[in-house]
Amino acid sequence: MLFYRKQNNSSMLIYHFSFYLVSFVGHMPLQRPSPSDVLKGFVNEAKNETGSINATPKTQQKKGIPIPPQVVMQPFTSKNISRINGKAKMKSDVDESEGFCDLKYGSYCIWREENREEMHDSMVKKLKDQLFVARAYFPSIVKIPAQSKLSGEFKQNIQEVERVLSESTTDADLPPEIQKKSRRMEAVIARAKSVSLDCNNIDKKLRQIFDLTEDEANFHMKQSAFLYQLAVQTMPKSLHCLSMRLTVEYFRDHLFDKELSEKYSDPTLQHYVIFSNNVIASSVVINSTVVHAIDTVNQVFHVLTDWQNYYAMKHWFLRNTFRDAVVQVLNIEDPDSYGKATLSHLTLPVEFRVSFPSNDSAPAINNRTQYVSIFSHSHYLLPEIFKNLEKVVVLDDDVVVQQDLSALWSLNMGGKVTGAIEICSVKMDQLRSYLGDHSFQKHSCSWMSGLNVIDLARWRDLDISETYWKLVKEQVSMKEGSALLATLLTFQDQIYALDRVWVLSGLGHDYGLDIEGIKKAAVLHYNGNMKPWLDLGIPKYKEYWKKFLNHEDQYLSECNVNR
C-alpha cells in the first residue's frame with residue numbers, strides 16, 4: 001500500500017501500519033484499501049460554503065463538485081479549507097492524491113512540498129505501530145497452550161517497548177539498543193503470523209488503528225492547510241507595527257502635510273493608479289517604477305486606500321521622496337471627498353484560482369493551476385475619481401517594475417478600453433462550466449490585472465462602469481463570483497493584448513519560473529498566495545522585491561520589516 005506522505009507526523013504511522021496490514025492479508029480475506037478509500041472520509045466531508053470578501057482565502061463552491069476537466073475556484077475565504085471536495089473521485093490508486101491536493105488547496109500543496117521538514121520521530125512511530133500490532137496478536141496467542149513460549153516473548157517485548165515509549169518522544173530520546181529491540185519485536189510478530197489463529201480479534205484491532213490514523217491524518221491535513229491560509233491572509237506583525245507607528249506620527253506632525261494638487265489632475269502627465277492597503281507593498285511598486293524611469297518629472301502616482309490605512313499611507317509618502325515623481329494618497333471610503341464615487345470599503349484586485357487538467361482525459365496529477373487576478377469593484381470608480389484624466393496605468397500592489405514604462409503612454413490601443421496581459425493557457429471555453437450560458441468567443445483568452453493601461457475617455461464613452469454594475473446586479477446570486485463574470489462580460493472585445501514581455505506572472509505560486517525570464521521581464525507579478533512580504537513568500541523571488549525597500553528607514557528597522 002502506498003500513501004502520499006503528509007507533512008504532519010501521522011503520515012509515518014499510516015505508512016508503517018499499512019505494512020503490517022498487508023502482511024496480515026495472508027491470514028484472512030481483508031481487502032487491501034486504496035488511497036481513494038483512505039481519503040474517502042476526508043473527501044466526503046465537504047461543507048461547500050462561501051465566505052466574505054474580507055475573510056481568509058476566498059473560494060467559490062458548488063455542492064458536490066466532482067473533479068472536472070475545468071474547475072474555477074473563487075476568491076479564497078476562511079471557510080474554503082473543506083472545499084472542492086464534495087464528491088470528488090480519485091482516478092488512480094497512487095499518485096492521484098497529489099493532483100487532488102492541488103485541486104483542493106491550491107498553492108498550499110506546492111508550499112508544503114517545498115518546505116517539508118525532516119521527521120525526527122520516525123523510529124518512535126515505527127515502535128508504536130509494532131506495539132499496536134503486537135497487542136492485537138497477543139490475546140489470541142496467549143490462549144494457545146502450545147504457544148506459551150511465544151506468548152512469554154510477546155509479553156516481554158511488549159513491556160520493553162512500552163517502557164521505552166514512556167520515556168521517548170523523538171528518535172534522539174531512544175536508547176542505543178533500540179534497533180535490536182525493534183528487530184526482536186518484528187521477529188515475534190512474524191512468528192505470530194505463522195500461527196493458525198482466530199482472526200476476528202486481530203481484524204477488529206487492525207481496522208481500529210486504520211480508522212484512527214486515517215482520521216488523524218485528515219485532521220492534520222485540514223489543520224495545516226487552514227494555518228497556511230491564515231498566514232496568507234493575516235497581516236504580518238511587522239507591517240501592522242509599521243502602519244500603527246506611521247498613523248501615530250502623522251497626527252503628531254500633521255503640519256508636515258502638503259499637497260501638489262496642480263499635478264494631480266494634469267492630463268498631460270503620466271498617471272499611475274495603485275489600489276492598496278499595504279504601505280510597504282505600494283511603496284515598492286512606486287520605488288521600483290521611478291528607479292527604472294528615464295524621466296520622473298512627469299510621473300504622478302495615486303494610491304487609493306481605505307480609512308484604516310489612509311493616515312499611515314499619507315505620512316509614509318510625505319516623508320519619503322521618489323526622485324521627481326509625486327504621490328497622492330486618496331481615501332476611497334470618504335464620501336465627503338468623492339460623493340458617489342466611493343464604496344463602503346476598499347476592494348482590491350480579486351484573485352481566482354483556476355485548476356484544470358492539461359487535457360480532458362488527463363488525471364488530476366497533471367492539473368494545471370493559474371491564479372487569475374481581475375478588477376475589483378473599486379476599479380469601476382476610476383472615471384469618476386479622475387474626471388480630468390484621459391489615460392492611466394493601473395498597477396497592482398504585488399508587482400515590481402524592472403524597466404521604464406514610458407512606452408505604455410504611446411500605445412495605440414485601436415479604440416480598446418483596456419490594455420492587459422492575456423492568459424491563453426486559460427481560455428474562455430475552459431471556463432464554460434462556471435460562466436454558464438453567457439456568450440463568449442470560444443477560443444478567446446482570459447486576461448489579468450497587474451499592469452493595465454486604461455483609456456478613461458473611451459471608458460466613459462462606452463459607459464463601462466454602468467454596464468458592470470448592471471451585470472453585477474443580474475448575477476447577485478453568485479455573490480463573490482459576480483465580479484469575475486461581470487468583468488469578463490463587461491470587457492469582452494474591449495481588451496488590447498499587451499506584449500507578453502511586459503509582465504511575468506506567477507511569482508506568488510510557481511516555484512519553477514525561469515530565472516533568466518525573471519531578469520528580462522519589465523514587470524514581475526507576484527500573483528498567488530505567497531506574496532513577497534509574507535514569511536510564506538517564495539525565497540528565491542523575494543530578493544527582486546526586497547531590494548526596493550529602504551533598508552535605512554527608522555520605522556522599518558524598529559518594526560523589523562527589513563529581516
message = Let's go through Phe322 and Phe301 carefully: what are the C-alpha distance in whole Å and the side-chain angles of both, what is the deciding distance for ring pair (Phe, Tyr, Trp, His ring centres under 6.0 Å) to 0.1 Å, and is it a yes or a no?
response = CA-CA 10 Å; Phe322 300 88; Phe301 293 88; 7.6 Å; no
With the side chain counted from C-beta on, respond yes when [X] and [Y] share a heavy-atom pair under 4.5 Å apart, and no when they do not.
{"X": "Leu242", "Y": "Ile280", "value": "yes"}
{"X": "Thr289", "Y": "Gln299", "value": "yes"}
{"X": "Tyr544", "Y": "Tyr526", "value": "yes"}
{"X": "Val399", "Y": "Leu451", "value": "no"}
{"X": "Leu382", "Y": "Phe275", "value": "yes"}
{"X": "Met244", "Y": "Cys559", "value": "no"}
{"X": "Gln270", "Y": "Val393", "value": "no"}
{"X": "Ile423", "Y": "Val372", "value": "yes"}

Does any N or O in the side chain of [X] come within less than 3.5 Å of the main-chain N or O of [Y], such that one atom is a donor and the other an acceptor?
{"X": "Lys546", "Y": "Pro532", "result": "no"}
{"X": "Asn527", "Y": "Gly506", "result": "yes"}
{"X": "Arg458", "Y": "Gly415", "result": "yes"}
{"X": "Asn287", "Y": "Ser283", "result": "no"}
{"X": "Ser288", "Y": "Val285", "result": "yes"}
{"X": "His271", "Y": "Asp266", "result": "yes"}
{"X": "Asp334", "Y": "Leu330", "result": "no"}
{"X": "Asp396", "Y": "Gly450", "result": "yes"}
{"X": "Asn560", "Y": "Ser238", "result": "no"}
{"X": "Trp307", "Y": "Glu333", "result": "yes"}

If you count every heavy atom of other residues, nucleotides or ligands that lies below 6.0 Å from [X] atom [atom1], does the total exceed 12?
{"X": "Arg323", "atom1": "CZ", "answer": "yes"}
{"X": "Asp514", "atom1": "CG", "answer": "yes"}
{"X": "Lys470", "atom1": "NZ", "answer": "no"}

With rounding to the nearest 0.5 Å, note down the distance linking [atom1] in [X] to [atom2] in [Y].
{"X": "Asn277", "Y": "Gln308", "atom1": "CG", "atom2": "CD", "answer": "8.0 Å"}
{"X": "Arg245", "Y": "Ser243", "atom1": "CZ", "atom2": "OG", "answer": "12.0 Å"}
{"X": "Lys314", "Y": "Thr247", "atom1": "NZ", "atom2": "OG1", "answer": "13.0 Å"}
{"X": "Arg460", "Y": "Lys387", "atom1": "CZ", "atom2": "NZ", "answer": "9.5 Å"}
{"X": "Gln223", "Y": "Met221", "atom1": "CD", "atom2": "CE", "answer": "12.5 Å"}

Under a 4.0 Å threshold between the charged nitrogen and the carboxylate oxygen, would [Y] count as salt-bridged to [X]?
{"X": "Glu351", "Y": "Lys531", "answer": "yes"}
{"X": "Arg319", "Y": "Asp553", "answer": "yes"}
{"X": "Asp455", "Y": "Lys391", "answer": "no"}

Could you tell me if the ring centre of [X] sits under 6.0 Å from that of [Y]?
{"X": "His509", "Y": "Tyr541", "answer": "no"}
{"X": "Tyr468", "Y": "Trp459", "answer": "no"}
{"X": "Trp469", "Y": "His377", "answer": "yes"}
{"X": "Tyr311", "Y": "Phe251", "answer": "yes"}
{"X": "Phe491", "Y": "Trp447", "answer": "yes"}
{"X": "His302", "Y": "Phe386", "answer": "yes"}

request  = Over 60° means perpendicular and under 30° means parallel, so classify the ring planes of Trp533 and Trp545, tilted if in between.
outcome  =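 Geometry flag for Trp533 against Trp545: tilted rings.
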request  = Measure the acute angle between the ring planes of Phe375 and Tyr380, then classify it against the limits of 30° and 60° as parallel, tilted or perpendicular.
outcome  = perpendicular
request  = Quick one: do His345 and Asp306 satisfy side-chain hydrogen bond (donor to acceptor under 3.5 Å, both in side chains)? Show the steps, please.
outcome  = CA-CA 7 Å; His345 61 274; Asp306 54 13; over 6 Å; no
Kindly give the heavy-atom pair with the smallest separation between [X] and [Y], and that separation in Å.
{"X": "Lys540", "Y": "Glu543", "value": "O-OE2, 3.6 Å"}
{"X": "Ala420", "Y": "Asn452", "value": "CB-ND2, 3.3 Å"}
{"X": "His551", "Y": "Ser557", "value": "O-OG, 4.0 Å"}
{"X": "Val279", "Y": "Ala312", "value": "CG2-CB, 4.2 Å"}
{"X": "His525", "Y": "Ser373", "value": "CE1-OG, 3.3 Å"}
{"X": "Leu534", "Y": "Asn529", "value": "CD1-O, 3.6 Å"}

ask   = Passes side chain to side chain contact (heavy atoms under 4.5 Å, CB included), Asp510 versus Ile538? Steps please.
value = CA-CA 9 Å; Asp510 189 348; Ile538 300 176; 5.9 Å; no
ask   = Taking it one step at a time, do Val523 and Leu504 satisfy side chain to side chain contact (heavy atoms under 4.5 Å, CB included)?
value = CA-CA 6 Å; Val523 176; Leu504 178 64; over 6 Å; no
Verify whether one side chain among [X] and [Y] offers a donor that lies under 3.5 Å from an acceptor in the other.
{"X": "Ser276", "Y": "Asn278", "answer": "no"}
{"X": "Thr347", "Y": "Ser378", "answer": "yes"}
{"X": "Ser376", "Y": "His379", "answer": "yes"}
{"X": "Ser282", "Y": "Asp397", "answer": "no"}

inquiry  = Could you walk me through whether Leu498 and Leu411 satisfy the side chain to side chain contact (heavy atoms under 4.5 Å, CB included) test, starting with their C-alpha distance in whole Å, then the side-chain angles of each, then the deciding distance to 0.1 Å, before giving a yes or no?
reply    = CA-CA 9 Å; Leu498 297 177; Leu411 281 179; 3.5 Å; yes
inquiry  = For a side chain to side chain contact (heavy atoms under 4.5 Å, CB included) check, start with the C-alpha distance between Thr467 and Leu462, then their side-chain angles and the critical distance, and finish with the verdict.
reply    = CA-CA 9 Å; Thr467 301; Leu462 298 178; over 6 Å; no
May I have the list of side-chain donor-acceptor pairs in residues 401-410 shorter than 3.5 Å, sequence neighbours left out?
from   : atom 1 : to     : atom 2 : distance (Å)
Gln402 : NE2    : Ile518 : O      : 2.8
Gln402 : NE2    : Ala521 : O      : 2.8
Gln403 : NE2    : Lys520 : O      : 2.7
Asp404 : OD1    : Ile294 : N      : 3.3
Asp404 : OD2    : Ser406 : OG     : 2.3
Trp409 : NE1    : Tyr272 : OH     : 3.3
Ser410 : OG     : Ala407 : O      : 3.0

